[in-house]
Structures are given as C-alpha cells and as structure tokens.
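Numbered from 1 within each chain, the chains take letters A, B, ... in sequence-line order.
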Protein chains: 2
Amino acid sequence: MARLDDLITRKGVYRHGSILYRSGDKFQALYAIRTGFFKTQILNEDGREQVTGFQMAGEIIGMDGISSDAHTCDAVALEDSEVCEIPFSRLEDLGRELPPLQRHLHRILSREIVRDQNVMLLLGSMRAEERLATFLLNLSQRFAVRGYSPTSFQLRMTRHEIGSYLGLKLETVSRALSHLQESKLINVRNRSLEILCLSGLQACMGKRTR
Amino acid sequence: MARLDDLITRKGVYRHGSILYRSGDKFQALYAIRTGFFKTQILNEDGREQVTGFQMAGEIIGMDGISSDAHTCDAVALEDSEVCEIPFSRLEDLGRELPPLQRHLHRILSREIVRDQNVMLLLGSMRAEERLATFLLNLSQRFAVRGYSPTSFQLRMTRHEIGSYLGLKLETVSRALSHLQESKLINVRNRSLEILCLSGLQACMGKRTR
DNA sequence: CTTATGGCTTGATATATATCAAAATTAACA
DNA sequence: TGTTAATTTTGATATATATCAAGCCATAAG
C-alpha cells in the first residue's frame, strides 16, 4: 500500500469546464478522481458528440488510452475537481510485484466494460423515460455508496449533457423529468433532484412499449 | 511464446447455436476464437435482449467476467466454431513474468472499452441507415484484416440480431438494407452481402438529420 | 421430394421522439 | 449589481422508426 501511495501523485485541481485530457493526447497515466465530477465524451468526425460517462469521486478514468497509447475521448470537469495521477507503466511494474494490485486493475478495466455494455442495453432497448429513470437510479446508488443521500442530490450536468449520454435531445430529457415529477416519483428544480419513490422509479425501468 | 502456448488449451468445437458461456457462469477463462463466429448478448430482468457484439476468428471474448468472477453476458456460436481456452489466473501469473504479455492483455481490455464506447456513439447519435453503414464497414474492415474480401462476405447473423445490436427492429434493418441496395451502395441477397461502393457507405455514415 | 418452420421483405399505419420556436429562468460576468 | 448569455421549460408540428400484417423465400426436417 505504501508503494502504491508512492506511485500516485496529486495532479492538481481542475476548475469547472477545464479539460483533464483530450482525444489524441498521449496516454501516460490513469486518473483517480479525489473530489468533483467529470464527463467523458467522444466526438465524431462530423462533430457529433456522445457523452460516454459521468465520473465521480473515487472513480478511475483514462482507461480508453491504454489500447493505442493515446486517449480516444475527452475528459472535462463538470465542477471544480481534484485529481490524482497514476503513471500507467509504473502501475504495471508494481502490478507484477503485487498480484492483488494486478487483479484489482483487471477488475477495474472489466468493470468499465460491463458498465459500457449496460449503457448499450439502455441506448438500444429502452424508451426515453426508462433511460432517465435508469440514469437517476444509477446516480442515486453511486451517491449512496459514497455516504451521500441517495434520494437528494445535485445534477452536475446540463440537460444537453444528460441527453447526449442517454441518446436523447435536451427537450426530451426536460419533458421526461417533468413527467416523472407529475407522476410524483421525483422532485426536480433546475439541478436539484429529489427522488420521492425509489421503487416507483425502478418499476418505471421495466415499462416497455418499445 | 512457448509458455503461452502451454497455457492455452483447445476447448473444442461449438456447433451453430450452442453456448460458450452464459450470464452468471463462474468466470475462469478468456476464450480465443480460432474459427467461426459468435455473438454476445445481455438480457434485462424483463427479458429484453441487447446484442453487445459479434466476434470473429482471432478475437478474444469473456472479459466481462473478470470484474465479478462471473460472466455478465451470454456468448452464442453463430456458426460452427472452434475455441481455445485461456485460464485467466494462469494468464495473470504469466503476465507477471512477461511484461509484454501483461501489456498485451491490458491493450486487449482497453480495446474492448474503446469499441464499446464507439457503439455508444452509434446508438446514441446515428440514424438507422448510418448505423447499418457503420456496421457493414466495420465487418468489412475486420474481414479485410483476416485476408478475406472486404467487399463480399456472408452475414452470419439474422436481421433480428443485427437489429438488436444496432438498436433497431428487424423490419427497419431490412428496409435500410433495401434502401442501400437501391442506392447502389451494396448488393444484398439473404445473408450474402456485397459492398459496391466503400466510399459511398462511408459518406453515408456522415449524413445527419438527427 | 414434400412439408414445415423460421427468416425476410414490403406495405399501411401508429407513435415516440426530434425539430422549431418562444418565453421564462438561472448563471456568468463585467 | 446590472447586463448578457446560457439553460430550461413548454407548445405545436414534423419525422423517423416501431408496430401490425401479409406474403414470400430458403433452409431444415421428415
């Protein structure tokens, strides 16, 4: 553990809107978010963007860069955030000496694969309101794990960014939020969100017309 | 290399329709496809399915299982296929001794992450015909790498499976194929596909109304 | 060779979401 | 702190894709 600490260096503070890495940047390190909130996004040749994830404190980003020694997405701070850098080749070196660390790295990489595949399921088979419910429940769980309220939190991203992540236009996101509110499942006012009925939201995930 | 060969064992032949692993199966190994064609899919609680990928000879599957020691998707043979098994903990052991092998594994895991994120882009931001063009061009490239014709090949999957992968209904897939054919970009008759104009298909990827 | 079954295509119609537009609200900044 | 710019909501309408339905084709089984 001491040796891992030795590896990790405080990379610094990223102000709201600033960029941790860009697509095309040389890959050298993974980043552990200490505090704050990021989004990752990829851009098409023709300028279309897709938000591929929202990352919060305790999560690791940058794994996309390993495959080609260059990052394939942008990572942007959605609020002032503190980040630690984990030089990747040194992490690999250390992993060779410490099997549990090696295993841990593999699990983190695989967890990202599983997460991505669940987003595919969401994008490929769910209706707008279901996608939103799934998204809110996912945020809720992740806040809960960190000791924050699972039922009351701030959205760190715009409706446009939520829409980009969920494959919807921002108007659709807004309407779906309004509708969940009418259904008494949530309270939403700007970026503050309150979940009134977790089980109701869960039920909402299972509704298919599509 | 000899030691890697030592690790890998021929797992056997999987007949068309048979299952290499199922969601929930204990994770013990990665699988290298020697010959043939697979699909991987996840299933919702409520029975909805999402095809998460199509894998061909030379590709590795099973990486989803590392994170929780259990597979999170099903892998199904789409034609008679031959598979090799790579016991994962032994692969990790060997990776600790052979840094290039370790690095190779990390690249493979990361490549899957990048692939998945590009599918997110497809599902989140492309129109039906674009998705199909992207899909066909991806198959084309992968066949080319393997020394097969990039412009003439057999589709190994049904319209339904293509639709599940692309987030479309099978009728939409069928119509989009017909339309690409009318546009003289492809010839398609059942499962045989011929690409008449690679650059035309590429241009088709960039068309947005959405 | 014949029949049956699953897969595919095409048409008509329905529907979910996108698009366009305007106003209201909030946040950023000078 | 006033002013501007960005974000959000909501409505009206357009459109892409889903749904429903029927017939056709191809492959597999008897």
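- A donor-acceptor distance shorter than 3.5 angstrom exists from the side chain of B:Ser110 to the backbone of A:Asp64, with no hydrogens or angles considered.
- Take B:Tyr165 and apply the ring-ring contact (aromatic ring centres under 6.0 Å, His included) test, not counting sequence neighbours, and it matches B:Phe54, B:Phe135.
- Distances from the side chain of A:Leu170 to the nucleotides C:dT19, C:dT10, D:dT8 place D:dT8 closest.
- Taking side-chain N and O atoms only, A:Ser178 has a distance below 4.0 Å to OP1 or OP2 of D:dT10.
- Heavy atoms of other residues, nucleotides or ligands lying less than 6.0 angstrom from OH of B:Tyr148 number 12 at most.
- Put simply, CG on B:Leu168 is 14 Å from C1' on C:dA16, counting in whole angstrom units.
- Counting only residues at least two apart or on different chains, the side-chain hydrogen bond (donor to acceptor under 3.5 Å, both in side chains) pairs with a member in residues 76-91 of chain B are B:Arg10-B:Glu82, B:Arg15-B:Asp80, B:Glu79-B:Arg156.
- Judged by distance alone, with hydrogens and angles left aside, B:Glu171 brings no side-chain donor or acceptor close enough to the base of C:dC8 to form a pair under 3.5 Å.
- Computed from coordinates, the A:His179 NE2 to C:dT17 C1' distance equals 14 Å when rounded to whole Å.
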What protein N or O atoms touch nucleotides 25-27 of chain C N or O atoms at under 3.5 angstrom, if any, and at what distances?
unit_1	atom_1	unit_2	atom_2	d
C:dT26	OP1	A:Arg189	NH2	2.4
C:dT26	OP1	A:Asn190	ND2	3.4

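- Side-chain nitrogen and oxygen atoms of A:Thr158 include none within less than 4.0 Å of the OP1 or OP2 phosphate oxygen of D:dA6.
- Remark: C1' of C:dC8 and CD of B:Gln154 are 15 Å apart, rounded to the nearest angstrom.
- Between D:dT9 and A:Arg159, a contact under 4.0 Å exists linking OP1 or OP2 to a side-chain N or O.
- With 3.5 Å as the limit, one finds a donor-acceptor pair spanning the side chains of A:Thr40 and A:Thr52.
- One finds a salt bridge joining A:Arg146 and A:Glu59 here, because a Lys/Arg side-chain nitrogen approaches an Asp/Glu carboxylate oxygen to under 4.0 Å.
- For B:Asp116 (side chain) and A:Gln117 (main-chain N/O), no donor-acceptor pair under 3.5 Å exists by modelled atom type.
- Residue-level contact check: A:Leu177 touches neither bases nor backbone, having no heavy atom under 4.0 Å from any strand.
- Considering only side-chain N and O atoms, B:Thr172 lies under 4.0 angstrom from the phosphate OP1 or OP2 of D:dA18.
- We find that CG of B:Leu155 is positioned 15 Å from C1' of D:dA26, with the value rounded to whole Å.
- Side chain of B:Arg127, nearest nucleotide from D:dT10, C:dT10, D:dT17: D:dT17.
- For A:Arg175, taking side-chain heavy atoms from C-beta onward, the closest of the listed nucleotides C:dT19, C:dT10, C:dT17 is C:dT19.
- The six-membered or imidazole ring of A:Phe27 lies near that of A:Phe88, with a centre-to-centre distance under 6.0 Å.
- Minimum atom distance to the side chain of B:Lys169 is reached by D:dA18, of the listed C:dA18, D:dA18, D:dT10.
- The CD-P distance, from A:Glu130 to C:dA16, rounds to 12 Å in whole Å.
- For the pair A:Glu161 CD and D:dT8 C1', the interatomic distance rounds to 14 Å; values are reported in whole Å.
- Distance A:His16 NE2 to D:dA6 P: 13 Å, rounded to the nearest Å.
- Distance, B:Glu79 CD to D:dT27 C1': 16 Å, rounded to whole Å.
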